[in-house]
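Below is one structure; the comments refer to it alone.
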Amino acid sequence: MGLRVYNTLTREVEDFAPQDPALVRMFVCGPTVYDYSHAGHAKTYTQFDFIARYLGRRYQVRYLQNVTDIDDKIIARAAQAGQSARELADYFQVAYDQDMSWLGNTAVTDTARALDHIAEIVSQVQRLIAAGAAYELDDGWYFDLSTFPEYGKLSGRMTVAPEDSLSRIDEHHAKRNPGDFALWKRAKPGEPSWDTDLGPGRPGWHIEDTAITEKFFGAQYDLHGGAVDLIFPHHEAEIAQMEKISGRAPLARYWMHTGLLRIDGAKMARSEGNFTTVRQLRQQWDRRTLRYAFISHHYRSSMEVTDELMDSAQASRKRIESLYRRATADGPSPDAVAQEVRAGREAFFAALDDDFDTPGALAALFSLVRSLNRHESGLGADVRDFLQEVDALFDAFDLRSVVENSAGQGIAGQSIAGDSADAHIEEQVRLRAELRAARRFAEADEIRAQLAAKGIIIEDTAGGTRWWYGTGQGG
RNA sequence: GGCGCAGUGGCCGAGUGGCUUAGGCAAGGGCCUGCAAAGCCCUGUACACGGGUUCGAUUCCCGUCUGCGCCUCCA
């Protein structure tokens, strides 16, 4: 069974087939770098990171993201801070990169800044002018929507409705149609601008994306992503620009949109001032717990990050890690167990193939976890392999530290730990075992308490005592 | 007002025209354990409301209500 994805353009789940059977070209709208990224960015970019990783199982993936490094807010903030727009954008782009790498979002293969693509942007505007789809006003060039009747096909908003009584579309001066959007903004005094054949100015917001995707992918590509709040007008405008220029449709074969992250019931957004930054989240939670929280929701759902949710995510995560810790047998598991693993693995991937149903996949995973937990011992390499395979996609479990540190005595004598600190712990664990054997429990418990104070966790099992380093504050 | 998405058990959250339970967290009871931890077993409340289609609907259709998003920058 193949991969199926929900396409916003058709409002249906469709079979996924890239233009080039071996390669997926995907583009996800990146941030405007005028401030720190927040939990909403973390959600969207983590979910697309997962999607790209999953596509990577079957295809080579070219994952392109843009960075908007010039716009009104950047200019305004820079002026406030006494910096150049460039300095401010550079600073927040670095901050964004740091936040994404903290989250473990590693799948982006190409990052493109708007200001590095002025020539491509100008070229697109010129071609729109040549096609009769752009016109000039005193403050810049605009797209003429009357030349693109399909405008609105992504959002289902096919008529620019006079009855949109609450519409806040700028009725500015001489625009031919109320929804016409800026392609190139003429330079204003004191603002940064670029000298081009269109005159001094700077790009409109929508045109940078199509200029960048055309450069990297050509006129058409496979997958375009972003959060739902970008559907209108941003993605509509991209479609209008590129399909007008190329005469080919669709711009992107599959349009995928993530649900928004809410706070107190309302959308989290920088412009709303109600946002929690990634940097703040970082103080409170382990990055894997945060990733787990995102992965445990379907990408299209909206969600809210609460302490209760995060506690739940942490507990769930640890359940997987505990199983991994238990799977210590050298070879493969016994046949009956191996069969369970195969069946569970199959169910897991079947769910993911169905429009990246991560909650469904986790359900399959936990069903397997429970059935495997019934086995006292014998869980072997196939279990470890599967959990590693899962984690290569989710990156939400702390399997590695467990491998490196679960060296307690009594577990098949395998001590992976080597340094002196670990040797000391080994010694303490051994001493405690002797005390327990002598039924001197008070002293044994004292050792356990001392180790716990250092963040070392101890478990007595039928096979002996295991120990490992806990995953730290906040889990 | 227009367009779009959604309403599932204490919380989170998939899914399905009837088949055996989604799953996780939390709660209560039990087992295991010197204790702890981990784990296992058991227990409980579901599908917003009103119609319709159907032998049968939480699952399809219509309507109502409610929430969210977009219509301005926005992941």
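Computed from a prediction, not measured in an experiment: that's the story for all the values here. In what follows, every chain begins at residue 1, and chains take the letters A, B, ... in the order their sequences are listed.
Within the 4.0 angstrom heavy-atom criterion, no nucleotide atom of any strand lies near A:G152. Within the 4.0 angstrom heavy-atom criterion, no nucleotide atom of any strand lies near A:R77. Residue contacts shown for A:G265 are limited to sugar-phosphate atoms, with no base heavy atom under 4.0 Å away. Here A:G226 lies in heavy-atom contact (under 4.0 Å) with sugar-phosphate atoms only. Note on A:D460: a base of the nucleic acid sits closer than 4.0 angstrom, heavy atoms only. Backbone-only contact: A:S155 has heavy atoms under 4.0 Å from sugar-phosphate atoms and none from a base. Among the atoms of the strands shown, base atoms are found under 4.0 Å from some heavy atom of A:I458. Nucleic acid contact class of A:L261 (heavy atoms, under 4.0 Å, all strands): base.
In this structure, CD of A:E12 is placed 16 Å from C1' of B:rC5, rounded to the nearest angstrom. The nearest whole Å value for the distance from the OH atom in A:Y324 to the P atom in B:rA38 is 20 Å. To the nearest angstrom, C1' of B:rC68 lies 15 Å from CD1 of A:I263. Going from atom NZ of A:K153 over to atom C1' of B:rC71 covers 20 Å, rounded to whole Å. Rounded to whole Å, atom P of B:rA75 lies 13 Å from atom CD of A:E238. Rounded to an integer number of Å, the gap from A:L435 CG to B:rA36 P is 19 Å. If you take CG of A:L260 and P of B:rC68, they are 13 Å apart, rounded to a whole angstrom. Rounded to whole Å, atom C1' of B:rC40 lies 16 Å from atom CZ of A:F366.
Among all heavy-atom pairs drawn from A:M268 and A:N274, the shortest one is CA-OD1, 3.4 Å.
Under the 6.0 Å cut-off for aromatic ring centres, A:F217 and A:F27 do not qualify, their centroids lying 6.0 Å or more apart. Ring pair A:F386/A:F348: centre-to-centre distance below 6.0 Å. Taking the six-membered ring for Trp, A:F92 and A:Y36 have ring centres closer than 6.0 Å. Between A:H206 and A:F181, the distance from one ring center to the other falls under 6.0 angstrom. The six-membered or imidazole ring of A:H257 lies near that of A:H235, with a centre-to-centre distance under 6.0 Å. The aromatic ring centres of A:Y96 and A:Y45 sit less than 6.0 Å apart.
Separation of the C1' atoms belonging to B:rU20 and B:rG50 is 32 Å when rounded to the nearest angstrom. Rounded to a whole angstrom, the distance from the P atom of B:rC61 to that of B:rU53 is 15 Å. Between B:rG56 and B:rG18, the two C1' atoms lie 6 Å apart (nearest whole Å). Nucleotides B:rU64 and B:rG2 are separated by 11 Å at their P atoms, to the nearest Å. Here, B:rC68 and B:rA48 have their C1' atoms 15 Å apart, quoted to the whole Å. Taking the C1' atoms as reference points, B:rG9 lies 4 Å from B:rA46, given to the whole Å. A gap of 32 Å separates the P atoms of B:rA27 and B:rC19, to the nearest Å. B:rA22 and B:rU8 have their C1' atoms separated by 11 Å, given to the nearest Å.
Secondary-structure stems of RNA chain B, taken as three or more successive Watson-Crick or G-U wobble pairs (i with j, i+1 with j-1) under a 3.5 Å distance threshold, comprise B:1-7 with B:65-71, B:10-12 with B:23-25, B:27-31 with B:39-43, B:48-52 with B:60-64.
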Treat primed atoms plus P, OP1 and OP2 as sugar-phosphate and everything else as base, then score nucleotides 9-19 of chain B 5' to 3': B for base contact with protein heavy atoms under 4.0 Å, S for sugar-phosphate contact only, - for none. --SSSS-----
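Side chain of A:C29, nearest nucleotide from B:rA75, B:rC71, B:rG69: B:rA75. Of the candidate nucleotides B:rC71, B:rG69, B:rC25, B:rG69 has the atom lying nearest to any side-chain atom of A:A266. The nucleotide whose nearest atom lies closest to any side-chain atom of A:R439 is, among B:rA75, B:rG39, B:rG34, B:rG34. Minimum atom distance to the side chain of A:S322 is reached by B:rG39, of the listed B:rA37, B:rA26, B:rG39. Closest to the side chain of A:A363, out of B:rG23, B:rC35, B:rA75, is B:rG23.
Distances shorter than 4.0 Å separate some side-chain N or O of A:R374 from OP1 or OP2 on B:rC41. For the pair A:K267 and B:rC70, the criterion of a side-chain N or O lying under 4.0 Å from OP1 or OP2 is met. Between A:R436 and B:rU33 there is no side-chain polar atom (N or O) within less than 4.0 angstrom of OP1 or OP2. Put simply, A:T32 has a side-chain N or O that comes within less than 4.0 Å of OP1 or OP2 on B:rA75.
Proximity of A:D395 to A:F50: side-chain heavy atoms (C-beta onward) are nowhere separated by under 4.5 Å.
Looking at A:D49, its side chain does come within 3.5 Å of a backbone N or O of A:A107 through a donor-acceptor pair. Between the side chain of A:D99 and the backbone N or O of A:V278, no donor-acceptor pair lies under 3.5 Å.
Not a single donor-acceptor contact under 3.5 angstrom links the side-chain atoms of A:R270 to the base of B:rC73. No donor-acceptor contact under 3.5 Å links the side chain of A:R370 to the base of B:rC40. Judged by atom type and distance alone, A:D71 does not reach the base of B:rC73 through any side-chain donor-acceptor pair under 3.5 Å.
Judged by the 6.0 Å distance and 45° axis criteria, A:R202 is not positioned over the aromatic ring of A:W184.
Toward the 5' end of RNA chain B, the nearer of the two residues A:V369 and A:H41, judged by each one's closest nucleotide, is A:V369. Judged by closest nucleotide on RNA chain B, A:S367 is the one of A:A444 and A:S367 placed further toward the 5' end.
With respect to A:K267 and A:E272, no salt bridge is recorded, no charged nitrogen being found less than 4.0 Å from a carboxylate O. Salt bridge annotation for A:K73-A:D35: absent, with no cationic side-chain nitrogen under 4.0 angstrom from a carboxylate oxygen.
Residue side chain A:F441 meets the stacking definition with respect to B:rG34: its ring centre sits within less than 5.5 angstrom of the base's six-membered ring centre, and the planes differ by less than 30 degrees.
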